[in-house]
Amino acid sequence: MDKKSKIFVVASYNAAYILRDIELLRKYYYVKVIGCNDNHKNVINIFRTIIEITKGVCWSDVSYIWFADFRAFVTILFAKIVRKRTTLVVGGYEVAHVPEFSYGGYLGIVRTLRLKFILLNADRIIASSKYLQKEIKKLIPHLDVIKIELGIDAQENKIVKKPIIITVGSALENIYKLKGLDIFAQCSIRFHSYRFVIIGKYDKKIENKILRINPKIIFTGQLKQNKVFEWMNKSIVYCQLSYVESFGVALLEAMSFGCVPVVTNRGAMPEIVGDTGFYTEFGNVEITIKAIEKALKSKKSSESQKRATYKFPSIKRESKLQNLIENIIWN
């Protein structure tokens, strides 16, 4: 290229995997990022968000959008008007439809119509897993959805394991059962010599509910990434007992630290774990206990670590994203 192209990044959440995307884009392009705070709670903030997005779209060659939400709708609508290109990364929640847990991005008519507009008008759509590809195509079968898996950097820490079993998930009213945290707590009763740890946001009401199941459960609250990695580094088993995961970044990171995974056989989790972990059924305590017992006795720690670091390196995502951006800019 004669000059660097300009990428306008639109994201409603500052997760570590999104920040990694931004950093790798900055290696090759000029990048401007819209603030990741929640900016559409009132009319004034909605107006400010729209102005900020229109300026960013006009400045850029391509808008790179994380999540098919309100900001994506505004970005894609204005990009169509001024004939600019857009790339959309679907997170998973947006296309989920789980009414039994009141979970999903298209549970109402307005959200469904907005989502379909976004999907039909984005120039490129990226999904992180085969599972998510299929979920998007259930909505609009003819869409071309590109699979680019999320990646991690190889861990070089000296791994020292202790009798700890962890899970990452928010212990909040609207999500803790979806994440299987109640099952995690019920299973913990059977493992007296192990500490069971829940990493993530929690409220006191749900904390009390879970502690009534087992008062020895440890809640860390939301931690910085390096502190999460410290727990993963010393844990033997990582549990992801969710109803569904469209990818599972925490699961992948735990595997990279040599945690043996115990996961439900749902969503994209089997794509990540392969045969390096153990499977259970969502909501089934006895099967989950047996899977944890197998994981504790297994020698799969090194297999799990190798699969995470060799199959899902961040450099692979970097290369694929760069090729995609170059293609959309020059075609």
Side-chain angles (χ1 to χ4, degrees), residues 4-26 29-98 102-128 132 136 139-140 143 145 170 172-175 201 203 222 246 321 324-325 328-329:
K4 280 186 177 182
S5 297
K6 293 176 287 187
I7 310 297
F8 177 49
V9 177
V10 181
S12 300
Y13 186 50
N14 61 349
Y17 53 87
I18 297 174
L19 298 178
R20 279 198 291 267
D21 270 7
I22 292 170
E23 288 308 306
L24 71 87
L25 288 172
R26 282 183 171 142
Y29 311 106
Y30 294 115
V31 174
K32 183 181 290 186
V33 183
I34 190 170
C36 292
N37 58 315
D38 193 346
N39 249 356
H40 53 276
K41 290 298 184 184
N42 58 54
V43 174
I44 293 174
N45 282 338
I46 289 172
F47 182 74
R48 287 174 178 169
T49 297
I50 292 170
I51 294 298
E52 191 175 354
I53 287 172
T54 55
K55 287 180 179 179
V57 171
C58 288
W59 168 84
S60 68
D61 296 301
V62 176
S63 293
Y64 184 78
I65 309 158
W66 257 100
F67 308 119
D69 56 9
F70 168 75
R71 290 181 174 193
F73 174 78
V74 175
T75 305
I76 291 169
L77 176 62
F78 190 70
K80 295 295 285 186
I81 293 170
V82 299
R83 297 186 178 183
K84 293 294 185 80
R85 312 304 294 277
T86 55
T87 297
L88 171 71
V89 185
V90 178
Y93 170 83
E94 311 97 289
V95 297
H97 185 75
V98 190
S102 299
Y103 179 84
Y106 72 105
L107 291 177
I109 294 174
V110 173
R111 282 188 171 189
T112 301
L113 291 174
R114 185 180 73 185
L115 175 61
K116 288 186 176 180
F117 173 87
I118 291 168
L119 295 175
L120 286 168
N121 288 282
D123 292 298
R124 298 288 189 279
I125 299 172
I126 300 172
S128 58
L132 188 51
I136 296 169
L139 279 169
I140 306 173
L143 279 182
V145 182
S170 297
L172 303 175
E173 180 68 55
N174 63 335
I175 201 171
K201 294 179 183 178
D203 61 40
Q222 189 170 17
S246 58
L321 278 184
L324 182 144
I325 297 292
I328 196 174
I329 289 172

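If you read the sequence from its start, that first residue is 1, and numbering goes on from there. Source: prediction; values computed, not measured. Side-chain atoms are counted along with the backbone in the values below, which use heavy atoms only and exclude waters and symmetry mates.
- Across all their heavy atoms, Ala72 and Ala68 have their closest contact at CB-CA, 3.9 Å.
- Distance OG/Ser102 to CD/Glu173: 10.5 Å, rounded to 0.5 Å.
- Side-chain contact between Ile34 and Phe8 is present, with heavy atoms from C-beta onward closer than 4.5 Å.
- Listed by chain and residue number, Ile140, His142 satisfy the side chain to side chain contact (heavy atoms under 4.5 Å, CB included) test with Leu120 (two or more places apart in sequence, or in another chain).
- Rounded to the nearest 0.5 Å, atoms CD1 (Ile329) and OH (Tyr29) are 5.0 Å apart.
- Looking at Leu88, Ile126, Val90 one by one, the single match for side-chain contact (heavy atoms from CB on, under 4.5 Å) with Ile65 turns out to be Leu88.
- Aromatic ring centres of Tyr30 and Trp59 lie farther apart than the 6.0 Å criterion allows.
- Annotation: side chain of Ser246 is not in contact with side chain of Tyr93 (no heavy-atom distance under 4.5 Å).
- The environment of CD1 in Ile109 is sparse: at most 12 heavy-atom neighbours from other residues, nucleotides or ligands sit within 6.0 Å.
- With contacts defined as side-chain heavy-atom distances shorter than 4.5 Å, the pair Leu113/Phe117 does not qualify.
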Under the side chain to side chain contact (heavy atoms under 4.5 Å, CB included) criterion, do Phe70 and Ile46 qualify, and how do the steps go? CA-CA 10 Å; Phe70 168 75; Ile46 289 172; 3.8 Å; yes
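- A 4.5 Å side-chain heavy-atom check between Val33 and Arg26 finds at least one atom pair inside the cut-off.
- Classification of Lys55 and Glu52 as a salt-bridged pair fails, no side-chain N sitting under 4.0 Å from a carboxylate O.
- In this structure, a donor-acceptor pair under 3.5 Å is present between the side chains of Tyr64 and Asp21.
- For the atom pair OG1 (Thr112) and CG (Leu139), the distance works out to 8.0 Å, reported to the nearest 0.5 Å.
- Arg114 is listed as a side-chain neighbour of Ile118, based on a closest heavy-atom distance under 4.5 Å.
- Lys84 places a side-chain N or O within donor-acceptor distance of the main-chain N or O of Ser60, the cut-off being under 3.5 Å.
- No side-chain heavy atom of Val74 sits under 4.5 Å from any side-chain heavy atom of Thr49.
- Distance check, rounded to the nearest 0.5 Å: CD1 of Ile22 to CH2 of Trp66 gives 10.0 Å.
- At least one donor-acceptor pair closer than 3.5 Å links the side chain of Asp61 to the backbone N or O of Lys6.
- Nearest heavy-atom pair, Leu119 versus Leu143, reported as atom, atom and distance to 0.1 Å: O-CD2, 3.5 Å.
- Within a 6.0 Å radius of CZ in Arg85, more than 12 heavy atoms belonging to other residues, nucleotides or ligands are found.
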Residue pair Phe47, Ile51: steps toward the side chain to side chain contact (heavy atoms under 4.5 Å, CB included) verdict: CA-CA 6 Å; Phe47 182 74; Ile51 294 298; 4.0 Å; yes
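- Note that OG1 of Thr86 and CG of Asp123 are 4.0 Å apart. Values are rounded to the nearest 0.5 Å.
- The CG atom of Leu132 sits 8.0 Å away from the CD atom of Glu94 when rounded to the nearest 0.5 Å.
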